[in-house]
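Data block below; observations after.
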Amino acid sequence: MEKKIKVGILGATGSVGQKFIELLKNHPWFEIAELGASERSAGKKYKDAANWIMKSPLNKDISELEVKKCIPNYESKLIFSGLDSSVAEQIETDFANAGYFVISNSRNHRFDKDVPLMIPEVNAEHLSLIDKQPYKGGIVTNPNCSTIGMVLALKPLHDAFKIKKINVVTMQALSGGGYPGVPSMDIIDNVVPFIGGEEEKMETEPLKILGKLGNSEVIFENDIKISAQCNRVAVIDGHLETVQVEFENKPTKEEIIDAWNNFKGVPQELQLPFAPIKPIHYFAEDNLPQPKLQRDLENGMAGSVGRLREDPLFHYKFIVLSHNTVRGAAGGTILNAELLKAKGYLDKIN
Ligand code: NAP
């Protein structure tokens, strides 16, 4: 059996960090070797440093691991980062400079011109930007969690019918704000109509993700105009989004459904372990998809769409749902790492 690649997790005590630990249990290619967090947690056993909030029990071996500081003295050369964005930039740069491959969930490096902002089904070809990076190792970033769900649903439509305008309104889950997140007094019996920085991310990140690869950077897809409004709602996991779209060539409803149903990307062709069989599932029922019912589809790695109908302002409107800490964070990062491995980028560290 092939030796597994050792993985270090930065921000291991947080919401995304815990999801990494849950998802990597029994992964065929990767095994957790090291966990890092802030000075507050460093030196403690993981079980004493983290308030474990995942549904599955914490594995005994992991619970006994000593939490490390986030400095590049790890044995594991593959690093998954769920660091708070206030500290991620420098720490991730330090690791990449020291020869580590960092896959990050934080916003800090997403717009560096030589850093791929990756959804493997959408822009796997952007991975080759790594070759342009000045680091001994490399950095790959995962997009914002709401952006991932929306772009997964829009990619096959953009390829076939060319999107011109998007209006999106999100209803985002609490786990998206980290742990402990929004105070209960603020969210029970309430909707919070503001998530700092989120609307700007949704209006800009798709333009890089859907862009074409140039010689040394991505040429942004600036022909699409996006307007986003983001809200926090009292759901634990799963971001729901209402999307209105206008196309250059207006398709029929059936053509849109066909595009979703036939959508496949590189992860499906390569049969990567975390790749959903269908990245997008279309529901014809009037009341689907719903966070509680569809967020765990294909282990949380598939997005769902539904309520497709003609729109009096744009061409069409529909609903998108995706699991924010799985597809939108830890699971998406693992899929990115699988693509890196499949494309040979991890050969030199294994
Ligand atoms: P979180 O629950 O607040 O966790 C933050 C992590 O960062 C903790 O492990 C914390 O360690 C660590 N940390 C804080 N200050 C540090 C420091 N000075 N040095 C080293 N480590 C430090 O946040 P999260 O929701 O997991 O999000 C993590 C990142 O992923 C953020 O950048 C977020 O924007 C992004 N993201 C989150 C989601 C989501 O659905 N939650 C989705 C996509 C992207 P301690 O416990 O020791 O403080």
Side-chain angles (χ1 to χ4, degrees), residues 8-23 34-54 65-74 79-95 102-110 117-119 139-151 170-183 195-198 200-202 205 230 232-233 235-241 291 295 300 321-336:
I9 299 174
L10 306 181
T13 49
S15 180
V16 173
Q18 295 195 18
K19 190 51 90 179
F20 273 129
I21 293 173
E22 190 176 53
L23 294 180
E34 288 153 302
L35 303 173
S38 77
E39 305 260 345
R40 296 177 289 277
S41 308
K44 294 181 185 165
K45 285 186 177 176
Y46 184 74
K47 64 179 179 193
D48 300 323
N51 178 17
W52 184 253
I53 53 165
M54 297 295 110
L65 280 180
E66 185 179 309
V67 177
K68 296 181 139 193
K69 290 183 188 170
C70 293
I71 47 177
N73 60 358
Y74 286 36
I79 299 292
F80 294 164
S81 170
L83 283 171
D84 191 275
S85 58
S86 62
V87 296
E89 187 152 343
Q90 194 56 50
I91 294 174
E92 290 171 1
T93 304
D94 291 346
F95 271 83
V102 180
I103 310 184
S104 172
N105 285 283
S106 303
R107 64 176 156 77
N108 310 70
H109 289 285
R110 286 179 187 157
L117 181 57
M118 293 272 309
I119 304 174
I139 299 180
V140 172
T141 53
N142 219 17
N144 160 267
C145 41
S146 302
T147 303
I148 292 179
M150 179 176 81
V151 174
T170 68
M171 286 150 270
Q172 298 185 213
L174 291 168
S175 60
Y179 184 81
V182 186
I195 306 175
E198 201 77 359
E200 293 77 1
K201 290 176 196 164
M202 288 200 77
E205 291 183 13
C230 298
R232 188 73 73 195
V233 298
V235 165
I236 297 291
D237 291 317
H239 291 348
L240 194 75
E241 308 175 24
R295 65 187 163 207
L321 169 76
S322 64
H323 196 305
N324 53 296
T325 61
V326 181
R327 183 73 218 205
T333 305
I334 295 169
L335 191 60
N336 276 326

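The first residue in the sequence is number 1, and the count goes up from there. All ligand and atom numbering here is 1-based and tracks the order in the structure.
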Checklist line | With sequence neighbours excluded, residues passing side chain to side chain donor-acceptor pair (under 3.5 Å) with T141 | finding: none
Check: Does C230 have any side chain to side chain contact (heavy atoms under 4.5 Å, CB included) partners at least two apart in sequence or in another chain, and if so, which?
Finding: T170, Q172, I195, E198, E199, M202
Note to self: Under the rule for ring-ring contact (aromatic ring centres under 6.0 Å, His included), what residues qualify as partners of F20, not counting sequence neighbours?
What the structure shows: F80
Tabulated below should be the N or O atoms of ligand 1 paired with protein N or O atoms at under 3.5 Å; can you produce that?
{"from": "ligand 1", "atom 1": "2 (O)", "to": "S15", "atom 2": "N", "distance (Å)": "2.9"}
{"from": "ligand 1", "atom 1": "2 (O)", "to": "Y179", "atom 2": "N", "distance (Å)": "3.1"}
{"from": "ligand 1", "atom 1": "7 (O)", "to": "D84", "atom 2": "N", "distance (Å)": "3.3"}
{"from": "ligand 1", "atom 1": "9 (O)", "to": "G11", "atom 2": "O", "distance (Å)": "3.2"}
{"from": "ligand 1", "atom 1": "9 (O)", "to": "T13", "atom 2": "N", "distance (Å)": "3.4"}
{"from": "ligand 1", "atom 1": "9 (O)", "to": "T13", "atom 2": "OG1", "distance (Å)": "2.6"}
{"from": "ligand 1", "atom 1": "9 (O)", "to": "G14", "atom 2": "N", "distance (Å)": "3.2"}
{"from": "ligand 1", "atom 1": "11 (O)", "to": "T13", "atom 2": "OG1", "distance (Å)": "3.2"}
{"from": "ligand 1", "atom 1": "21 (N)", "to": "S38", "atom 2": "N", "distance (Å)": "3.3"}
{"from": "ligand 1", "atom 1": "25 (O)", "to": "G178", "atom 2": "N", "distance (Å)": "3.3"}
{"from": "ligand 1", "atom 1": "26 (O)", "to": "S15", "atom 2": "N", "distance (Å)": "3.1"}
{"from": "ligand 1", "atom 1": "26 (O)", "to": "V16", "atom 2": "N", "distance (Å)": "2.8"}
{"from": "ligand 1", "atom 1": "32 (O)", "to": "L83", "atom 2": "O", "distance (Å)": "3.0"}
{"from": "ligand 1", "atom 1": "32 (O)", "to": "S106", "atom 2": "OG", "distance (Å)": "3.1"}
{"from": "ligand 1", "atom 1": "40 (O)", "to": "N324", "atom 2": "ND2", "distance (Å)": "3.2"}
{"from": "ligand 1", "atom 1": "41 (N)", "to": "S175", "atom 2": "O", "distance (Å)": "2.8"}
{"from": "ligand 1", "atom 1": "46 (O)", "to": "T13", "atom 2": "OG1", "distance (Å)": "2.5"}
{"from": "ligand 1", "atom 1": "47 (O)", "to": "S38", "atom 2": "N", "distance (Å)": "3.1"}
{"from": "ligand 1", "atom 1": "47 (O)", "to": "S38", "atom 2": "OG", "distance (Å)": "2.6"}
{"from": "ligand 1", "atom 1": "47 (O)", "to": "S41", "atom 2": "OG", "distance (Å)": "2.5"}
{"from": "ligand 1", "atom 1": "48 (O)", "to": "S38", "atom 2": "OG", "distance (Å)": "3.4"}
{"from": "ligand 1", "atom 1": "48 (O)", "to": "R40", "atom 2": "NE", "distance (Å)": "3.4"}
{"from": "ligand 1", "atom 1": "48 (O)", "to": "R40", "atom 2": "NH2", "distance (Å)": "2.7"}

Note to self: Could you check whether any side-chain N or O of Q18 sits under 3.5 Å from a backbone N or O of T13, counting only pairs where one atom can act as donor and the other as acceptor?
What the structure shows: yes
Next item on the list: Can you see which heavy atom on D84 is nearest to which on S86, and at what distance?
Entry: OD1-OG, 2.6 Å
Item checked: Close side-chain approach of I148 to S322, heavy-atom, < 4.5 Å -> no
